[in-house]
Amino acid sequence: VCEKNNVKATDEALMVVAQAAEGALRDGLSLLDQIISSGVSDITEDIARELLGITKSTITFNILDSIVKKDISSALATVSEVVNSGKDIKYFVWEIISLARDVLVYQTTKDTKLINNYSSVEQIEKLVSMPKEKLAEIITYFSELENSIKNTTFPNVLLESAIISFIS
């Protein structure tokens, strides 16, 4: 599709599209078309994230680090940054889950092939000291939160209260 439209896309950008489409080919093509329609001819991971309303990976690392350190102020500041930038809260929660999964898998196997491609191994290694039980708890807790966010009018309020609840 990119070749037909004379567009270059990095593997990381295409991975962001595939993950946003949750493996659905038709959805992935629709998302890719959305990006191409914006007039971009060289699609990077950051551009794909921006155009799809997905946060930068560093923001996800920051919030997971804040959650683990039980730093409510920092975590809420990160949520505020996400909300103020107009990013999709549901995707943000999904990224927290995905990053916690990457850290858990890498911590257990040390195999970089098993982590999501858009994740930075260097940043994952900074979080690898987190207890496995805490990572599993984060994955479960935020998976339940993700389901709740689908049915709320104020996803940011639900996310903030969930973070406070989880950390406290």
Side-chain angles (χ1 to χ4, degrees), residues 1-67 74-106 112-124 127 138-163:
V1 170
C2 288
E3 285 177 18
K4 281 186 175 182
N5 288 287
N6 295 321
V7 171
K8 294 179 185 174
T10 65
D11 289 344
E12 294 82 8
L14 295 175
M15 183 59 69
V16 168
V17 172
Q19 290 173 339
E22 298 178 357
L25 179 61
R26 190 174 297 172
D27 291 348
L29 290 172
S30 176
L31 292 172
L32 184 59
D33 185 52
Q34 177 183 333
I35 294 169
I36 292 170
S37 296
S38 74
V40 175
S41 61
D42 193 3
I43 306 168
T44 63
E45 178 182 359
D46 286 343
I47 289 171
R49 286 177 176 279
E50 181 65 31
L51 293 174
L52 296 177
I54 302 171
T55 59
K56 292 183 178 181
S57 61
T58 54
I59 293 173
T60 311
F61 282 94
N62 291 345
I63 195 141
L64 189 57
D65 189 49
S66 297
I67 290 168
S74 177
L76 294 179
T78 302
V79 171
S80 180
E81 182 182 348
V82 170
V83 170
N84 291 338
S85 66
K87 302 301 182 204
D88 188 315
I89 296 292
K90 180 181 171 273
Y91 276 138
F92 183 55
V93 171
W94 176 84
E95 286 187 283
I96 294 168
I97 297 163
S98 183
L99 176 58
R101 177 242 175 240
D102 278 356
V103 174
L104 181 62
V105 168
Y106 183 74
T112 58
K113 294 176 189 158
L114 297 175
I115 62 174
N116 293 325
N117 291 334
Y118 71 90
S119 298
S120 166
V121 175
E122 294 82 26
Q123 290 177 313
I124 287 174
L127 298 171
I138 289 169
I139 293 167
T140 302
Y141 188 84
F142 283 89
S143 292
E144 291 170 5
L145 174 64
E146 184 184 28
N147 285 328
S148 299
I149 282 178
K150 294 175 187 175
N151 301 317
T152 186
T153 308
F154 301 104
N156 57 315
V157 174
L158 188 60
L159 176 56
E160 290 169 338
S161 63
I163 287 171

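Just so you know, residue 1 is the first one in the sequence shown, and it goes up from there. Below, each value reflects all heavy atoms present in this structure, side chains not excepted, and no hydrogens, waters or symmetry copies.
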Chemist: When rounded to the nearest 0.5 angstrom, what distance separates OG in S41 from CG in N6?
Modeler: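 Reported value, rounded in 0.5 Å steps: 9.5 Å.
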
Chemist: Roughly how far, to the nearest 0.5 Å, is the CZ atom of F92 from the CD1 atom of I63?
Modeler: 4.0 Å

Chemist: Could you state the interatomic distance from CD1 (I67) to CD1 (I138), rounded to the nearest 0.5 Å?
Modeler: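 So the gap between those two atoms works out to 6.0 Å.
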
Chemist: If you apply the rule side chain to side chain contact (heavy atoms under 4.5 Å, CB included), what do you find for Q34 with L51, and how did you get there?
Modeler: CA-CA 8 Å; Q34 177 183 333; L51 293 174; 5.6 Å; no

Chemist: Do V16 and E12 make a side-chain contact, defined as non-hydrogen atoms from C-beta onward lying under 4.5 Å apart?
Modeler: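 No, too far: nothing below the 4.5 Å cut-off.
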
Chemist: Taking ring pair (Phe, Tyr, Trp, His ring centres under 6.0 Å) as the test, write out the residues that go with Y106, two or more places apart.
Modeler: none

Chemist: Is the shortest distance from a Lys or Arg side-chain nitrogen in E45 or R49 to a carboxylate oxygen in the other one below 4.0 Å?
Modeler: yes

Chemist: As a quick check of understanding, evaluate side chain to side chain contact (heavy atoms under 4.5 Å, CB included) for F61 and L64, giving each step before the final call.
Modeler: CA-CA 5 Å; F61 282 94; L64 189 57; 6.0 Å; no

Chemist: Quick one: do K87 and E50 make a salt bridge, cutoff under 4.0 Å?
Modeler: yes

Chemist: Any side-chain heavy atom of I35 sitting closer than 4.5 Å to one from V7?
Modeler: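 Side chain of I35 against side chain of V7, heavy atoms only: no contact under 4.5 Å found.
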
Chemist: What pairs of residues pass the salt bridge (Lys or Arg N to Asp or Glu O under 4.0 Å) test when at least one of them lies in residues 23-37, not counting sequence neighbours?
Modeler: none

Chemist: Decide if atom NZ of K150 counts as having more than 12 heavy atoms of other residues, nucleotides or ligands within a radius under 6.0 Å.
Modeler: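 Yes, enclosed.
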
Chemist: Which value, rounded to the nearest 0.5 Å, describes the distance between L158 atom CG and I149 atom CD1?
Modeler: 5.5 Å

Chemist: Contact between I47 and T44 at the side-chain level, heavy atoms closer than 4.5 Å - yes or no?
Modeler: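 I47 vs T44: side chains touch.
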
Chemist: Can a side-chain donor-acceptor contact be found between T55 and E95 if the only test is distance below 3.5 angstrom?
Modeler: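 Yes, because at least one side-chain N or O of E95 sits under 3.5 Å from a partner of the opposite role on T55.
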
Chemist: Measuring from D42:CG to C2:SG, what's the distance to the nearest 0.5 Å?
Modeler: 10.0 Å

